[in-house]
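Read the structure below first, then the notes.
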Amino acid sequence: MGKDKQEFVAHITPREEDFSRWYTDIILKTDLVDYSPVRGSMVIKPYGYGIWENIQEELDGRFKATGHKNAYFPLFIPESLLQKEADHVEGFAPEVAWVTHGGNEKLTERLVVRPTSETIICAMYAKWVQSYRDLPILYNQWCNVVRWEKTTRPFLRTLEFLWQEGHTVHATEEEAQEETMKMLEVYREFAENVLAIPVVTGKKTEKEKFAGAVSTYTIEALMQDGQALQAGTSHNLGQHFAKVFDIEYLDRDGQQKYVWQTSWGVTTRLIGAVIMVHGDERGLVLPPKVAPVQVVMVPIAIHKDGVLEKANEVFDELKAAGFRVELDDRDTQSVGWKFNEWEMKGVPLRLEIGPKDIEKNQVVLVRRDNHKKSFVPMDRLADTVATLLDEVHSGLYEKALAMREAHTHIAHNMDEFKDALENKKGFVKALWCGDRECEDSIKDQTGASARCMPLDEEPWEGNCICCQEKAQHMIYFARAY
RNA sequence: CGGGGUGUAGCGCAGCUUGGCAGCGCGUCUCGUUCGGGACGAGAAGGUCGCAGGUUCAAAUCCUGUCACCCCGACCA
C-alpha cells in the first residue's frame with residue numbers, strides 16, 4: 001500500500017465530520033447527478049441513471065410476474081379531478097405545480113402537473129369498469145411526478161422525480177388488502193435481495209398515511225447517520241376514490257357495487273438509500289445487482305506487448321457471460337489513479353490484469369466492500385466472478401443489517417427514548433396508545449416521527465410511553481428524511 | 001418558510017478589511033518519458049469575479065436588491 005490511506009480520499013468529506021456533505025460530495029464526484037438551472041431539480045447523469053435502469057428492470061420483472069401490465073397516463077390533470085377526493089386534495093394541494101396557460105392563452109380550467117396519478121387514473125377506470133368480468137385491473141406506470149417542495153436534496157427530495165406507481169382495482173375488500181400486502185412484500189424482497197438493504201415492514205399511523213388511503217404500508221430503511229428513510233409504500237385505498245369517481249361494477253348477483261383499490265410506489269429516492277446505507281469513506285459502494293458496472297478491468301502496463309489483447313479477450317468473455325463489465329484502457333491515467341476512481345464510483349469488483357498475470361494465466365480480483373484480493377485462474381473466471389458478486393451482495397446486506405440492529409433500541413419511557421435518539425441514534429421502538437395527541441407530542445419533544453407499526457413483532461404488553469394509558473401499538477420511531 | 005454560511009477559470013481556493021493590470025493548485029490540450037495504489041518534464045489554452053442596479057475618475061473589492069447552492073430547524077417520497 002505504501003501511501004497513507006488519507007491520501008486516497010482527501011477530497012471526500014468524512015462521514016463522521018459531516019454526513020450531508022459526504023453525501024453531496026459523493027453524488028457529485030461520482031457523476032451520479034448534477035444540479036440543473038432549475039432550483040431543486042437535478043440532472044441524473046448516465047452513471048446514476050444506470051442504477052435506476054437496473055432498479056427498473058428488476059422491479060418491472062417482479063411486477064409482470066405478479067400479473068401487472070404497464071400503461072401510461074397523462075402528465076396533466078384537470079383541477080376538477082384533483083378536487084374530488086377531499087383528503088387527497090388537502091394532502092397534495094400545497095405542493096402542486098399549476099399550468100395556467102397554453103401558449104399565450106389562459107386556460108379555462110387550470111391543470112395540475114401530476115404529483116401522483118390516482119385522480120386521473122380513477123377517472124379512466126370509471127369508464128373502463130362495467131362488470132365483475134373487467135376486474136381486477138392491475139396496471140403500473142413508470143413516469144415522472146412533480147411536487148413543489150421547499151427543501152430539496154438530490155435523490156432524496158427534488159421537485160421532479162422518477163418513480164413507478166401501481167394502481168389496481170378489485171371486486172372485494174379482501175382482494176385489495178391482499179394486493180396491498182403482496183406488493184409490500186415485493187418491495188421488501190427487492191430491497192433486501194437486490195439493493196442489499198434490510199427494511200422494517202409495517203403500517204403507517206393515521207397521521208403518516210397517504211392522503212386519501214384507508215391504510216398505508218411501508219418499508220423503512222435506516223441510513224448510516226441514524227436517520228430513517230421511507231423506501232416504498234403500498235396503499236389500501238378502500239373505496240374512497242371509487243365513491244367519488246363512481247367506479248362501479250355489476251356483480252354476479254346483479255348488484256351495482258363500488259370497487260376496492262390499491263396503489264403503490266417506489267422512487268429514485270431508492271438511489272439515495274443505496275448511497276447512504278452502503279457508502280464508505282472512499283465513496284460509493286454499489287450492490288452488484290444494480291451497479292451499472294459490476295466488474296471494472298484495469299490493465300497493468302498497458303503498453304506492453306499482449307496486455308491489451310489479453311484484457312480484451314477477458315472482457316469479451318465476461319461480457320458474453322452476462323456481466324456488466326468495463327475495460328478502463330485509458331492511457332492518460334495511472335493505474336493507481338484508476339483504482340481510486342473506480343473505488344469511489346463503487347464498482348463491486350476490480351479486475352487487474354498485467355504481464356505477470358498473463359504469464360501465470362490468472363487475473364487479480366479485488367472486492368470493493370472489504371478490499372480482499374484473490375488470484376483467479378483464467379479458466380475459472382466467470383464462475384468466480386459470479387460467486388464474488390454474490391458474496392459482495394451478502395456482505396453488504398449483513399453489514400447493513402448489523403448496523404441497523406446496533407441502532408435499534410427499545411424505550412420504556414420518555415427519558416430512555418430521548419437518550420436512545422440523542423446518544424445512540426437510529427430506530428427507537430416504543431409503545432403507543434394510538435392517540436394522535438401522543439404521536440404529535442413525541443414528535444415535538446424528540447423530533448422523531450412514527451415510522452411504522454411493524455408487521456412482525458413479538459407479543460408485548462404495556463402502556464403508552466407518552467400518556468401511560470394502555471398501549472395499542474408497538475411503533476418504530478426515528479428522525480427521518 | 002425561519003436562522004446561519006458560500007458564490008472569482010472545469011474543480012478547489014486566494015484576493016475584498018484599506019477600490020487601481022484577475023491570481024494559485026488541480027484538471028484540460030500538445031510533445032516526450034513512465035505504468036502492480038492518485039507518475040514526471042517542457043510548452044499552451046482557459047475568467048461577463050452568480051445576476052441586476054447604485055456610489056466612484058476607477059468596483060471582484062463599498063452600498064442596495066435578487067438568484068442559486070450548502071448547513072441547522074418546521075412540512076413532505
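Here the structure is a predicted model, which is why all the values come from computation and not from measurement. Side chains included, hydrogens not; waters and symmetry mates left out as well; all remaining heavy atoms used. Chain A is the first sequence line, chain B the second, and so forth, proteins listed ahead of strands; every chain is numbered from 1.
For B:rA60, there is no paired nucleotide, since no Watson-Crick or G-U wobble pair has both relevant distances below 3.5 Å. In a base pair of the Watson-Crick type (N1 to N3 plus N6-O4 or O6-N4) or a G-U wobble (N1-O2 and O6-N3), with each distance short of 3.5 Å, B:rG41 is matched with B:rC31. Partner assigned to B:rG7 is B:rC67, using Watson-Crick or G-U wobble distances below 3.5 angstrom. The nucleotide B:rC24 finds its pairing partner in B:rG12, both defining distances of the Watson-Crick or G-U wobble pair being shorter than 3.5 Å.
Considering only side-chain N and O atoms, A:R350 lies nowhere under 4.0 angstrom from the phosphate OP1 or OP2 of B:rG37. Taking only side-chain nitrogens and oxygens, A:T151 never comes nearer than 4.0 Å to OP1 or OP2 of B:rG2. For the OP1/OP2 pair of B:rC70 and a distance below 4.0 Å, the side-chain nitrogens and oxygens of A:Y23 include no atom meeting the criterion. Taking only side-chain nitrogens and oxygens, A:K443 comes nearer than 4.0 Å to OP1 or OP2 of B:rC75. Within the structure, a side-chain polar atom (N or O) of A:S20 is placed less than 4.0 Å from OP1 or OP2 of B:rC71.
Annotation: B:rC69 and B:rG50 have their C1' atoms spaced 11 Å apart (nearest Å). Rounded to whole Å, the P atom of B:rG23 lies 15 Å from the corresponding atom of B:rA44. Comparing the C1' positions of B:rG73 and B:rG65 gives an interatomic distance of 27 Å, to the nearest angstrom. Separation of the P atoms belonging to B:rG43 and B:rC26 is 14 Å when rounded to the nearest angstrom. Of the P atoms belonging to B:rC51 and B:rC75, the separation is 37 Å, rounded to the nearest Å. On the C1' atoms, B:rA52 is 25 Å away from B:rC1, given to the nearest whole Å. The gap from the C1' atom of B:rG19 to that of B:rC29 amounts to 37 Å, rounded to the nearest Å. Nucleotides B:rC16 and B:rU6 have their P atoms positioned 15 Å apart, rounded to a whole Å.
The residue A:P94 sits apart from the nucleic acid: no heavy atom pair falls under 4.0 Å. Heavy atoms of A:G40 sit under 4.0 angstrom from primed sugar atoms or phosphate atoms, though from no base atom. Counting non-hydrogen atoms under 4.0 angstrom, A:S36 reaches nothing in the nucleic acid. Within the 4.0 angstrom heavy-atom criterion, base atoms lie near A:V364. Residue contacts for A:L229: at a heavy-atom cut-off of 4.0 Å it reaches no nucleic acid atom on any strand shown. Across all strands, A:Q230 comes closer than 4.0 Å only to sugar-phosphate atoms, never to a base (heavy-atom distances).
To the nearest angstrom, P of B:rC71 lies 17 Å from CZ of A:R15. Taking atom CG of A:D444 as the reference point, atom C1' of B:rC75 lies 13 Å away to the nearest angstrom. One interatomic measurement links the two molecules: CD of A:E149 to P of B:rC69, which rounds to 14 Å at whole-angstrom precision. Distance A:Y35 OH to B:rC67 P: 19 Å, rounded to the nearest Å. The separation between A:D25 atom CG and B:rC69 atom C1' is 13 Å, rounded to whole Å. Distance CG (A:D329) to P (B:rC35): 18 Å, rounded to an integer number of Å. The interatomic distance linking A:Q227 (CD) with B:rC72 (P) rounds to 8 Å, in whole Å. At whole-Å resolution of the value, NZ in A:K356 and P in B:rC35 are 12 Å apart.
The shortest distance between side-chain heavy atoms of A:R282 and A:H371 falls below 4.5 Å. Between A:F417 and A:Q445, every side-chain heavy-atom pair lies at or beyond the 4.5 Å cut-off. Contact annotation: the side chain of A:T168 approaches that of A:W264 to within less than 4.5 Å [non-hydrogen atoms, C-beta and beyond]. Counting heavy atoms from C-beta on, the side chains of A:F315 and A:L351 never come closer than 4.5 Å. Put simply, the side chain of A:Q56 does not reach to within 4.5 Å of the side chain of A:Q164, judged on heavy atoms.
In the set B:rC1, B:rC75, B:rA68, the nucleotide with an atom closest to the side chain of A:R39 is B:rA68. Distances were taken from every side-chain heavy atom of A:I300 (C-beta onward) to each of B:rG37, B:rA39, B:rC35; the shortest belongs to B:rC35. Proximity note for A:H303 (side chain, C-beta onward) versus B:rG38, B:rG37, B:rC35: the nearest is B:rC35. If you check B:rG36, B:rG38, B:rC71 against the side chain of A:V335, the one that comes closest is B:rG36. Side chain of A:Q333, nearest nucleotide from B:rG36, B:rU28, B:rA39: B:rU28. Side chain of A:E343, nearest nucleotide from B:rG38, B:rC35, B:rG37: B:rG37.
Between A:P154 and A:K150, it is A:K150 whose nearest contact on RNA chain B lies nearer the 5' terminus. Nearer the 5' end of RNA chain B, as judged by each residue's closest nucleotide, is the contact made by A:K304, out of A:K304 and A:F155.
Checked for salt-bridge contact, A:R451 and A:E220 meet the test: a charged N lies under 4.0 Å from a carboxylate O. Ionic pairing of A:R330 and A:D328 is present here: one or more N-O contacts between side-chain nitrogen and carboxylate oxygen are shorter than 4.0 angstrom. Salt bridge status for A:E58 with A:R62: present, with a side-chain N to carboxylate O gap under 4.0 Å. Checked for salt-bridge contact, A:R479 and A:E422 meet the test: a charged N lies under 4.0 Å from a carboxylate O. Between A:E391 and A:R367, at least one side-chain nitrogen of the basic residue sits less than 4.0 Å from a carboxylate oxygen of the acidic one, meeting the salt-bridge criterion. Between A:K182 and A:E185, no side-chain nitrogen of the basic residue sits less than 4.0 Å from a carboxylate oxygen of the acidic one, so the salt-bridge criterion is not met.
A:D329 pairs by the side chain to side chain donor-acceptor pair (under 3.5 Å) definition with nothing, not counting sequence neighbours. Under the salt bridge (Lys or Arg N to Asp or Glu O under 4.0 Å) criterion, A:K209 pairs with A:E206, not counting sequence neighbours.
Taking the centre of each ring, A:F155 and A:W52 stay at or above the 6.0 Å mark.
The stretch residues 192-216 of chain A has no heavy atom under 4.0 Å from RNA chain B, so no residue of it qualifies as close.
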Distances under 3.5 Å only, N/O to N/O: pair up the protein atoms with those of nucleotides 12-14 of chain B.
none

Would you tabulate the nitrogen or oxygen pairs shorter than 3.5 Å linking the protein to nucleotides 31-34 of chain B?
none

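Applying the ring-ring contact (aromatic ring centres under 6.0 Å, His included) rule to pairs touching residues 194-213 of chain A yields A:H88-A:F210, A:F92-A:F210, A:F210-A:H235, sequence neighbours excluded.
Among all heavy-atom pairs drawn from A:W432 and A:T205, the shortest one is CZ3-CG2, 3.7 Å.
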